[in-house]
Amino acid sequence: MIIIKNKKAQAGAFLQIFSFVFFLAIFLVPIVLALNLHFSSDYDFRAIDSEILALRLKSCFSKNQFEFNSLDSFENELFTVCRLNPKVIKEHYLISISINDQEKYSWRADESQCLIGKSNKNYPQCITSSFKLDSNTYQLLIGTEQKSVETIS
Amino acid sequence: MISLKINNKAQAAINQSPLIKTLVYLIFAALAVVGLYLIILSKFNDADHWSNYYAKEPTKIINLAEPGDKITLDVHKATEVAKANGQTSKSEIFRFNNAENEICVKLSPGKATCYTYFNDVDIINPQLLLAQGSQGKTNILTFEIADKLSKKTSEVIP
């Protein structure tokens with residue numbers, strides 16, 4: 001006589017665990033992913049940084065008179081009078097200064113980069129600012145792609 | 001002759017004690033909840049996130065400051081995170097590198113987050129004062145803004 005033991009009954013009861021764990025995972029995985037996405041995302045400071053530089057330039061132009069004769073002399077004057085660090089500005093920022101629709105100064109100013117920067121954090125996020133001083137209309141295009149840098153120490 | 005003997009013992013055992021079955025489910029659910037809780041807890045104590053935040057936020061004020069300004073910032077959360085991560089050296093939590101116009105924040109051992117400010121000034125006399133903030137309960141960071149006179153390497157909190 002051959003006895004066939006039916007273990008299907010035993011297996012069936014425990015197979016339900018897998019479906020339970022599967023549904024548990026369906027609930028938990030999105031929560032964990034959302035938490036990671038929210039907390040690990042880099043604190044995007046580009047727009048604020050650009051706004052602050054625009055504010056500084058606006059304040060500086062309203063308090064001081066600049067000669068736009070030569071690009072180098074204007075750049076030196078701008079950095080000295082407005083107390084801007086040339087190394088930091090040239091490394092991380094783009095600036096375009098126009099007066100009455102005529103570009104007077106430009107550093108890395110490229111509007112296509114600004115367009116990409118709206119959706120890509122590796123490109124500069126730009127802001128535009130326009131104001132009037134002594135019957136002249138100043139237009140600023142300021143952007144930065146600066147990110148915090150992690151160093152091992 | 002082949003005789004088929006169905007073994008219903010296993011099924012019967014489970015049916016007889018639904019408590020065991022429920023317990024197994026409860027253990028899985030509990031493990032998941034505990035895991036989720038631990039993940040949330042670790043995120044709230046996330047040194048990377050907070051060092052990134054505290055490296056950037058002070059530059060807002062520094063970039064708009066004038067020489068002679070004295071700045072006080074509430075950095076209580078930063079000190080809490082640093083303590084939770086075993087970063088106990090007060091002098092290393094905030095470091096100002098005047099040569100590079102850089103502020104570095106270190107909330108966990110071995111890793112600092114740095115961000116540069118464009119205002120061409122020096123940061124002098126930085127101090128991390130414990131329990132000196134609102135109602136003597138919060139930790140604050142104070143420093144002064146000075147004209148850029150020298151190319152000092154860095155200002156360390158005493």
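So that the names make sense, note that chain A is the first sequence line, chain B the second, and so on, each numbered from 1.
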Problem set entry | B:A47 to B:V81 - nearest heavy-atom pair and separation | CA-CG1, 3.8 Å
Exercise. Run the ring-ring contact (aromatic ring centres under 6.0 Å, His included) check on A:Y138 and A:F61 step by step: do they pass?
Worked result: CA-CA 9 Å; A:Y138 285 70; A:F61 283 129; 5.3 Å; yes
Problem set entry | A:S148-B:N52 side chain donor-acceptor pair, cut-off 3.5 Å | yes
Problem set entry | Candidate list A:K121, A:R46, A:R108, test salt bridge (Lys or Arg N to Asp or Glu O under 4.0 Å), partner A:E145, passing option | A:R108
Exercise. Would B:Y115 and A:F45 count as a close aromatic pair, with their ring centres under 6.0 Å?
Worked result: yes
Problem set entry | Residues, nucleotides or ligands: over 12 heavy atoms within 6.0 Å of B:K60 NZ | yes
Problem set entry | Option in A:K147, A:Q146, A:R56 with maximal non-hydrogen atom pairs under 4.5 Å from chain B | A:Q146
Seminar exercise, completed: Residue from B:T116, B:T113, B:T59 scoring the most non-hydrogen pairs under 4.5 Å with chain A is B:T116
Seminar exercise, completed: Whatever's closer than 4.5 Å to a heavy atom in chain B on A:V149 counts as both
Problem set entry | A:D72 and A:S70: side chain donor to acceptor below 3.5 Å | no
Exercise. Which answer fits B:A55, side chain, backbone, both or neither, if we ask what part of it has an atom under 4.5 Å from a heavy atom of chain A?
Worked result: neither
Problem set entry | chain B neighbours within residues 123-134 of chain A, where any heavy atom lies under 4.5 Å away | none
Exercise. Given the options B:V33, B:V105, B:N101, which has more heavy-atom pairs under 4.5 Å with chain A than any of the others?
Worked result: B:N101
Seminar exercise, completed: Cut-off 4.5 Å, heavy atoms of chain B, and the answer for A:L53 is both
Exercise. Checking heavy atoms, do the side chain of A:I152, its backbone, both or neither come under 4.5 Å from chain B?
Worked result: both
Exercise. Just wondering, more than 12 heavy atoms not from A:E111 lying within 6.0 Å of its CD?
Worked result: no
Problem set entry | Sequence-distant partners of B:K83, salt bridge (Lys or Arg N to Asp or Glu O under 4.0 Å), two or more places apart | none
For this session: Tell me, for A:Y93 versus chain B, whether the close heavy atoms (under 4.5 Å) come from the side chain, the backbone, both or neither.
Result: side chain
Problem set entry | Top of A:L84, A:I48, A:L24 for chain B proximity - count of heavy-atom pairs under 4.5 angstrom | A:L84
Problem set entry | B:T79-B:N139 side chain donor-acceptor pair, cut-off 3.5 Å | yes
